[in-house]
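Beneath this line is the structure, given in structure tokens, with notes to follow.
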Amino acid sequence: MVLGLSLSLAAPLSAQPASDPQPLRYNDSAEERRFHALVAELRCVMCQNQSLADSNAQIAHDLRREVLELMRQGKSDAQIKEFLVERYGEFVLYRPRVESTTWLLWFGPALVLLAGGFLVARVIRSRGDGSGATDGTATDVGRNRRDGDEEQEW
């Protein structure tokens, strides 16, 4: 019982991140630069927010090999991206295309910013309209004292 518990607790400590058994070999420096630029624009399909270049997941190793193979088959960067989007969806791209399905992603932050600015402007205008009302602020107390009210401020 104790031995089984010890082994189950020690197993995660011995786990290591997946490493690539055979590093990628490039034909020339131009191919290497193109490869690195391309995998930096692609997201790992398993990781939350890591590029394909930065991820150490096994699927990232496999996808990097596949990208290099597609490059060697003469596919353009756009064709490689399209292939990966067909397999994994728009999530694989760090910069999704502007389409009707991604409008909220692209324009949502600007809409939220505009709505916030509109709300702030309305609050400022509504506070500026209360010219005769007294709400007990320091300016109201000062006005009351000048008008002859002898109110003690505690």
Could you tell me whether the side chain of Leu63 reaches within less than 4.5 Å of the side chain of Leu42, counting heavy atoms only? no
Spatial distance of atom CG (Leu93) from atom CG (Leu84) [nearest 0.5 Å]: 8.0 Å
Any donor and acceptor pair, going by atom type alone, linking the side chain of Glu66 with main-chain N or O of Asp62 inside 3.5 Å? no
Could you check if a side-chain atom of Glu31 sits within less than 4.5 angstrom of a side-chain atom of Leu68, using non-hydrogen atoms only? yes
Find the distance between CZ (Phe35) and CG (Asn27) and round it off to the nearest 0.5 Å. 12.5 Å
Check whether Ser55 reaches the backbone of Leu52 with its side chain - one donor and one acceptor, N or O, closer than 3.5 Å. no
Between atom CZ of Arg43 and atom CG of Asp54, what is the distance when rounded to the nearest 0.5 Å? 12.0 Å
Restricting to side-chain contact (heavy atoms from CB on, under 4.5 Å), what partner residues turn up for Gln79, sequence neighbours left out? Lys75, Ser76
Nearest 0.5 Å please: distance from the CG atom of Leu24 over to the CZ atom of Arg64. 7.0 Å
What do the steps show when you test Val92 against Lys81 for side-chain contact (heavy atoms from CB on, under 4.5 Å), and what is the final call? CA-CA 8 Å; Val92 78; Lys81 288 178 186 178; over 6 Å; no
Nearest 0.5 Å please: distance from the NE2 atom of His36 over to the OH atom of Tyr26. 3.5 Å
Verify side-chain contact (heavy atoms from CB on, under 4.5 Å) between Glu32 and Asp28, making sure each step is shown before the conclusion. CA-CA 7 Å; Glu32 184 177 3; Asp28 55 21; over 6 Å; no
What distance do Gln58 atom CD and Met46 atom CE have between them, rounded to the nearest 0.5 Å? 9.5 Å
Scanning both residues in full, the closest heavy-atom pair of Ala40 with Ser51 reads O-CB, 3.8 Å
